[in-house]
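Remember, predicted model here, so these are calculated numbers, not experimental data.
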Amino acid sequence: MPKHPKLTTDATPAAKRRARRIDDRLIELYPDAHCRLDHDNAWQLLVATILSAQCTDELVNKVTPDLFKAYPHPRKMAASSVAEITKLIRRVGLFNSKAKNLYATANLLMDKHAGEVPQTLEELIELPGVARKTANVVLGNAFGINVGMVVDTHIGRLAHRLGFSAADPKNAVQVERDLMALFPADRYTDLAHRLIFHGRALCTARNPKCPDCPLKRSCPKQGVTF
């Protein structure tokens with residue numbers, strides 16, 4: 001992320017209060033919002049998030065039990081091979097490149113991090129298959145470290161519709177910067193989950209259910225056409 005990208009949002013105190021009121025309503029609507037990738041530790045979450053690129057969480061969760069059983073630690077995966085990893089993730093999209101990234105990541109974790117998943121953004125994005133979004137997922141959900149906001153297609157869309165960002169929803173870097181300007185860091189991880197839940201339940205990409213949305217009076221519906 002650029003150090004000082006120009007904001008496309010109003011980050012005045014009044015705008016921040018409005019944004020947090022909307023999030024408070026989302027908390028009421030989705031009190032159990034959580035990471036939908038099944039995992040028990042940082043290593044499993046890292047693997048699952050790498051696999052989730054251009055793939056549904058549901059499919060990843062079907063693949064990972066056998067993968068985690070075979071490779072409970074980076075050491076096991078580093079001692080395996082790309083071919084063996086590929087056999088276990090073949091149902092996942094882009095499985096060839098993902099198998100290569102997982103194998104390379106496991107080896108780098110062993111060589112440089114004593115087999116532990118690093119806890120800084122800078123170190124995480126050095127791992128093959130890990131960009132800023134994946135790093136934010138791991139830091140926030142595995143370690144409770146909030147240095148940035150996860151921005152996927154749901155979050156980009158909702159940030160635009162709710163008036164949190166005037167950026168192109170596909171511009172994840174700019175949308176993240178705008179959201180970070182509106183919300184305190186301790187909300188980043190859970191807010192991302194709440195936005196994703198709302199995007200799946202009501203604020204869908206096609207035919208959003210605006211008449212049924214509890215946020216309809218607060219939402220400017222930027223970019224929504226009926």
Side-chain angles (χ1 to χ4, degrees), residues 1-37 49 57 119-122 124 131-226:
M1 172 182 285
K3 290 185 178 180
H4 301 290
K6 185 178 179 181
L7 293 176
T8 72
T9 188
D10 174 8
T12 60
K16 291 179 180 180
R17 288 193 295 271
R18 170 189 172 272
R20 293 175 200 179
R21 282 196 300 270
I22 291 175
D23 186 35
D24 288 342
R25 185 70 177 109
L26 288 172
I27 292 172
E28 295 174 1
L29 293 171
Y30 308 103
D32 298 321
H34 60 279
C35 178
R36 293 169 64 101
L37 292 170
T49 309
D57 293 348
Q119 298 186 33
T120 70
L121 181 70
E122 293 74 19
L124 279 168
R132 186 177 177 92
K133 174 188 166 185
T134 298
N136 281 332
V137 169
V138 173
L139 289 173
N141 291 281
F143 301 116
I145 298 172
N146 293 287
V147 296
M149 271 279 301
V150 172
V151 176
D152 69 355
T153 55
H154 292 292
I155 295 171
R157 179 176 72 253
L158 268 69
H160 187 72
R161 288 179 177 175
L162 288 165
F164 294 160
S165 174
D168 182 336
K170 296 180 181 179
N171 186 345
V173 171
Q174 185 62 62
V175 172
E176 180 185 6
R177 179 68 182 90
D178 291 340
L179 289 171
M180 290 172 65
L182 288 174
F183 296 93
D186 61 5
R187 292 203 184 202
Y188 291 169
T189 298
D190 291 335
L191 170 60
H193 296 322
R194 291 189 284 271
L195 290 172
I196 291 171
F197 270 56
H198 192 59
R200 286 173 168 160
L202 291 172
C203 198
T204 52
R206 296 182 180 180
N207 303 315
K209 303 174 181 65
C210 296
D212 301 324
C213 181
L215 302 179
K216 61 185 177 183
R217 293 184 179 178
S218 303
C219 180
K221 302 179 183 62
Q222 285 188 162
V224 176
T225 57
F226 295 99

Separation between CD (Gln174) and CG (Leu7), nearest 0.5 Å, reads 7.0 Å
Side-chain (Glu176) to main-chain (Asn171) donor-acceptor, under 3.5 angstrom:
no
Practice task
Kindly say whether Thr189 contributes a backbone atom to a donor-acceptor pair with the side chain of Asn146 at under 3.5 angstrom?
Solution key: yes
query: Under 3.5 Å, is there a donor-acceptor pair between the His193 and Tyr30 side chains?
result: no
Does any part of the side chain of Arg18, heavy atoms only, come nearer than 4.5 Å to the side chain of Ile22, both counted from C-beta? yes
Rounded to the nearest 0.5 Å, the CG atom of Asn136 sits from the OG1 atom of Thr49 at a distance of 11.0 Å
inquiry  = With a 3.5 Å distance limit and no angle check, can you tell me whether Arg157 reaches the backbone of Cys203 through a side-chain donor-acceptor pair?
reply    = yes
Please determine whether salt bridge (Lys or Arg N to Asp or Glu O under 4.0 Å) holds for the pair Arg194 and Asp23, giving the CA-CA distance in whole Å, both sets of side-chain angles, and the decisive distance to 0.1 Å.
CA-CA 8 Å; Arg194 291 189 284 271; Asp23 186 35; 2.8 Å; yes
Distance col, row Leu215:CG vs Arg25:CZ, nearest 0.5 angstrom, shows 7.0 Å
In short, Asn141 meets Cys35 closest at the heavy-atom pair OD1-CB, 3.7 Å
For Asp178 and Ala166 the tightest heavy-atom approach is OD2-N, 4.2 Å
One should read off an interatomic distance between Arg20 CZ and Leu26 CG, to the nearest 0.5 angstrom, of 14.5 Å
Heavy-atom nearest pair, Gln222 first then Ser165, reads NE2-O, 3.4 Å
Side-chain (Thr9) to main-chain (Ala11) donor-acceptor, under 3.5 angstrom: no
Can any side-chain N or O of Thr8 pair as donor or acceptor with the backbone N or O of Ala167 at less than 3.5 Å? yes
Value for CG (Asp190) from CD1 (Ile27), rounded to nearest 0.5 Å, stands at 8.0 Å
When every non-hydrogen atom of His34 is compared with those of Phe197, the smallest separation belongs to O-CE1, 3.5 Å
In sequence, state the C-alpha distance, the side-chain angles, and the governing distance for Lys221 and Cys210, and then conclude on side-chain contact (heavy atoms from CB on, under 4.5 Å).
CA-CA 9 Å; Lys221 302 179 183 62; Cys210 296; 4.0 Å; yes
Subject >> Lys209 NZ: over 12 foreign heavy atoms closer than 6.0 Å >> reply: yes
Closest non-hydrogen atoms of Leu158 and His198, given as atom of the first, atom of the second and distance, are CD2-CD2, 3.7 Å
Worksheet item: Tell me, do Leu121 and Arg132 make a side-chain contact under 4.5 Å, heavy atoms counted?
Response: yes
Separation between CD1 (Ile196) and CG (Asp57), nearest 0.5 Å, reads 7.5 Å
_Residues Asp24, Arg187; criterion salt bridge (Lys or Arg N to Asp or Glu O under 4.0 Å); working and verdict_ = CA-CA 10 Å; Asp24 288 342; Arg187 292 203 184 202; 3.2 Å; yes
Nearest heavy-atom approach of Leu202 to Pro214 is CD1-CD, 3.7 Å
